[in-house]
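Numbering starts at 1 and runs along the sequence shown.
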Amino acid sequence: MIEQVTTDRFIQDLERVAQVRSEISVYLSKLAETINKAELAGDSSSGKLSLERDIEDITVASKNLRQGVFRLLVLGDMKRGKSTFLNALIGENLLPSDVNPCTAVLTVLRYGPEKKVTIHFKDGKSPQQLDFQNFKYKYTIDPTEAKKLEQEKKQAFPDVDYAVVEYPLTLLEKGIEIVDSPGLNDTEARNELSLGYVNNCHAILFVMRASQPCTLGERRYLENYIKGRGLTVFFLVNAWDQVRESLIDPDDVEELKGSEERLRQVFNANLAEYCYVEGQNIYDERVFELSSIQALRRRLKNPQVDLEGTGFPKFMDSLNTFLTRERAIAELRQVRTLARLACNHTREAVARRLPLIDQDVNELKKRIDSVEPEFNKLTGIRDEFQKEIINTRDTQARTISESFRNYVLNLGNTFETDFLRYQPELNLFDFLSNGKREAFNTALQKAFEQYITDKSAAWTLTAEKDINAAFRELSRSAAQYGASYSQVTDQITEKLTGQDVKVNTTTTEDDNSPGWAKWAMGLLSLSNGNLAGFALAGAGFDWKNILLNYFTVIGVGGIITAVTGIFLGPIGFALLGLGVGFLQADQARKELVKTAKKELVKHLPQVAHEQSQVVYNAVKECFDSYEREVSKRINDDIVSRKSELDNLVKQKETREINRDSEFKRLKDLQENVIAQLQKIEAAYSNLLAFYS
């Protein structure tokens, strides 16, 4: 039997993770401080060990851990009870359930000591702070007005980017941040706005409704934006209690059981394919039957009340397991890797320095000159890997942009079949009326936008798989180059010190890889945002956001702008010329698709040419960003190794180094660094032990 976990338990687990994050953040900060103090002290002794990169990386990781949150993106069509669900989750009637989704104001709900709303604008204008009442008054519009704006293809608040709602709630204080998106069944621009947040969230809460099981709009969104993208989605079937209310005899147990079972079969048929992780079916851990209104009513009366029968205990248990165990442990595992890396670098630098302190400066210079060939090998490894990245970049940019070009050019081949499910209902008598014609044109334009958006989204999935495969191959190459690089650095150490390098057999091969290789392999992440997203094997590099920043849903805007409206006129003339005949409705539908295809095909070559260049540049930038960071990290490592030696020579030439005090200083540094690492290891192990 699944354990029933209350909100209180969920908050306790979040608090535990927040405490561990905070502890490890402090240890990382002290680790950076310890190394930094030693580097400063090196100026008056044997010189710096050139550990700047480690200090910088640890400091960034410490800051991100301290500020880290679990970000949940709430998606759902209009009238699915999203606000009621969120209020029940939060335990307070915070979000008004009657706010019209056509406001198109994406809202980020996060912790703040005081209740306030901050509006962020697109044009660079300074953010505006409001109280809740003014926010609701100013950014909520009447449904009739919203419908009119949509028909006129106008946005209610075109200058608003998003709103941040701060509130002193326990759930938010313990590290949860909620992104509440506009309704899915809205304009394509708003759907794209939600899509921009998908990669930067730990989990998606997809709210549906029992009385409207898997609508066309929901299936369409899941097919185009969720399927095949490796996203963690919790499906929340809201208002499950209304199944009973819809029955002729609500007290008929058998009728209720049959009705619920038929409904479950519908949801299973539509959602099962989104609930597979590494080939394993986890449907029961991802799909939940909820009664948000019942849960909210109970929680408003008593925050600690038992929510049995509302579906919330089972859902929150699963969400709790995912966030505080799977995600938190993965995040902290990477931080531990980073700390181990810094500790190893420090120990290796100390081990290199100690044998050199007693050496005569002239002898030291000779030894440094003797390792110049090895340093040349390191730059050669850098150049080879850089060349491979660039070759991969050029191949992928060319292949993917050509794939996009061919995809666009071939849209006409399947248009007549594909467009059928988007085509608005056509009543020729209505169309012949000037008053109805504009409404029909608007419906047709929206249908075409949906068609183009969906076709483009389908193509992006193929492109993402190709880019993912390319980066996985580069990750394997990084491991190989990293192994070669480590062999050369060991040779440098042996030639300088005259001592054999002891290989640490207690750690994995990955642990022995140089820091730059770990980053390139995706084993090291420093960016808090990317920990939430799906980056290169979890690394601090998010190529999907680079693509998204370059073009919204790959070329959609360009295609819609280039084609929508241009072919509406010819279609109208074609329909007007049909006259009134017996089979006019069927004939008009055929004529619409035929004319639409003709006009579409006419403009596709230009669109394919222009947008394929956008795709080429975007793909190129993904690999260029990766190459820049990899090259910078390799260069930093080579320069730091040379600087470490130059620093020692400079100090020997300018002052007498006290051997005993310097040995003690370096040994103390090594011991202090190991002590901080042990605290990080212990905090991480304790969290693992608690959940085991």
Side-chain angles (χ1 to χ4, degrees), residues 32 35-58 341-387 478 481-501 512-520 524 627-655 657 662 665-666 669-670 673:
I35 298 173
N36 190 50
K37 283 183 177 179
E39 290 291 77
L40 293 174
D43 282 337
S44 57
S45 51
S46 68
K48 293 182 177 181
L49 300 175
S50 295
L51 298 169
E52 292 88 352
R53 165 61 78 176
D54 293 281
I55 296 171
E56 180 184 342
D57 284 353
I58 293 170
L341 195 62
C343 183
N344 288 340
H345 285 169
T346 304
R347 293 169 64 181
E348 290 167 0
V350 170
R352 287 192 298 268
R353 177 61 55 86
L354 291 176
L356 301 178
I357 291 176
D358 291 332
Q359 287 187 9
D360 172 79
V361 68
N362 291 323
E363 175 62 24
L364 182 59
K365 287 181 177 179
K366 286 182 182 178
R367 294 200 178 195
I368 292 174
D369 289 340
S370 73
V371 296
E372 190 61 31
E374 280 71 27
F375 274 108
N376 290 336
K377 288 181 181 179
L378 295 183
T379 58
I381 291 172
R382 176 203 64 197
D383 293 344
E384 284 299 312
F385 192 27
Q386 184 183 51
K387 188 185 302 180
Y481 283 117
S484 300
Y485 192 94
S486 293
Q487 289 178 355
V488 176
T489 56
D490 287 348
Q491 292 169 10
I492 291 175
T493 300
E494 290 174 355
K495 290 180 74 171
L496 286 172
T497 63
Q499 301 173 359
D500 291 339
V501 174
N512 290 323
S513 299
W516 66 261
K518 280 188 173 65
W519 189 92
L524 180 63
E627 184 276 320
R628 283 194 296 269
E629 185 64 23
V630 170
S631 295
K632 183 177 186 303
R633 287 179 173 270
I634 298 176
N635 287 335
D636 286 350
D637 189 79
I638 294 173
V639 169
S640 69
R641 290 175 184 277
K642 288 185 175 181
S643 297
E644 173 193 331
L645 299 172
D646 293 340
N647 292 338
L648 176 58
V649 170
K650 181 180 178 182
Q651 294 299 94
K652 278 185 169 288
E653 288 178 333
T654 57
R655 61 165 45 87
I657 298 173
E662 186 61 358
R665 185 183 75 84
L666 293 173
L669 167 63
Q670 184 170 276
V673 166

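Interatomic distance, CG of Leu648 versus CD of Gln359, reported as 8.5 Å (0.5 Å rounding). Taking CG of Leu356 as the reference point, atom NZ of Lys652 lies at 8.0 Å (rounded to 0.5 Å). Separation of atoms CG (Asn36) and CD1 (Ile55) is listed at 4.5 Å; rounding is to 0.5 Å. One distance of note links CD of Glu348 with CG of Asp490; it measures 7.5 Å at 0.5 Å rounding. Going from atom NZ of Lys48 over to atom OG of Ser640 covers 12.5 Å, rounded to the nearest 0.5 Å. Separation of atoms CG (Asp636) and CH2 (Trp516) is listed at 13.0 Å; rounding is to 0.5 Å.
Remark: Glu52 pairs with no residue by the salt bridge (charged side-chain N to carboxylate O under 4.0 Å, His left out) rule, at least two apart or across chains. Residues forming a side-chain hydrogen bond (donor to acceptor under 3.5 Å, both in side chains) with Lys366 (at least two apart in sequence, or on another chain): none. Checked against side-chain hydrogen bond (donor to acceptor under 3.5 Å, both in side chains), Lys642 has no partners two or more places apart in sequence or in another chain. By the salt bridge (charged side-chain N to carboxylate O under 4.0 Å, His left out) test, Glu627 pairs with no residue at all, sequence neighbours left out. With sequence neighbours left out, Arg353 forms a salt bridge (charged side-chain N to carboxylate O under 4.0 Å, His left out) with no residue at all. Arg655 meets the salt bridge (charged side-chain N to carboxylate O under 4.0 Å, His left out) test with no other residue; sequence neighbours excluded. Residues that satisfy the side chain to side chain contact (heavy atoms under 4.5 Å, CB included) test with Gln670, not counting sequence neighbours, are Arg347, Val350, Ile674. Legend: residues meeting side chain to side chain contact (heavy atoms under 4.5 Å, CB included) with Pro355, ordered by chain and number and at least two apart, are Thr497, Gln499. Among residues two or more places apart in sequence or in another chain, the side-chain hydrogen bond (donor to acceptor under 3.5 Å, both in side chains) test is passed with Asn635 by Arg382. Remark: Glu644 engages Arg352 in a side-chain hydrogen bond (donor to acceptor under 3.5 Å, both in side chains) (not counting sequence neighbours).
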Distance-only check: which donor-acceptor pairs under 3.5 Å involve side-chain atoms of residues 37-44, not counting sequence neighbours?
unit_1, atom_1, unit_2, atom_2, d
Lys37, NZ, Glu33, OE2, 3.3
Glu39, OE1, Leu49, N, 2.7
Glu39, OE2, Leu49, N, 3.4
Glu39, OE2, Ser50, N, 2.8
Glu39, OE2, Leu51, N, 3.0
Ser44, OG, Ala41, O, 3.1

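Between Ser370 and Glu374 the shortest heavy-atom distance is O-OE1, 3.5 Å. In terms of heavy atoms, Ala517 sits closest to Gly482 at CB-CA, 3.9 Å. Considering every non-hydrogen atom in both Ala342 and Ile58, the closest pair reads CB-CD1, 3.2 Å. Heavy-atom minimum distance, Ser513 versus Leu341: O-CD1, 4.1 Å.
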Next on the checklist: Go through it in stages, so that I can follow the logic: the residues are Leu496 and Leu364, the test is side chain to side chain contact (heavy atoms under 4.5 Å, CB included), and I'd like the CA-CA distance, side-chain angles, deciding distance and then a yes or no.
Outcome noted: CA-CA 8 Å; Leu496 286 172; Leu364 182 59; 5.5 Å; no

Checklist entry - After noting the C-alpha distance and the side-chain angles of Arg53 and His345, does the key distance pass the side chain to side chain contact (heavy atoms under 4.5 Å, CB included) rule? => result CA-CA 10 Å; Arg53 165 61 78 176; His345 285 169; over 6 Å; no

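Residue pairs meeting the ring-ring contact (aromatic ring centres under 6.0 Å, His included) criterion with at least one member in residues 355-386, sequence neighbours excluded, are Phe385-Tyr481.
Side-chain contact between Ile492 and Leu378 is present, with at least one heavy-atom pair separated by less than 4.5 Å. A 4.5 Å side-chain heavy-atom check between Arg665 and Ser45 finds at least one atom pair inside the cut-off. The side-chain heavy atoms of Asp54 and Thr346, taken from C-beta on, include no pair separated by under 4.5 Å. Counting heavy atoms from C-beta on, the side chains of Lys365 and Glu653 come closer than 4.5 Å.
Looking at Asp383 and Lys387, no side-chain N of the basic residue comes within less than 4.0 Å of a carboxylate O on the acidic one, giving no salt bridge. The pair Arg633-Asp637 fails the salt-bridge criterion, with no side-chain N (NZ, NE, NH1 or NH2) lying under 4.0 Å from an Asp/Glu carboxylate O.
In this model, no donor atom of one side chain and acceptor atom of the other lie less than 3.5 Å apart for Gln651 and Ser46.
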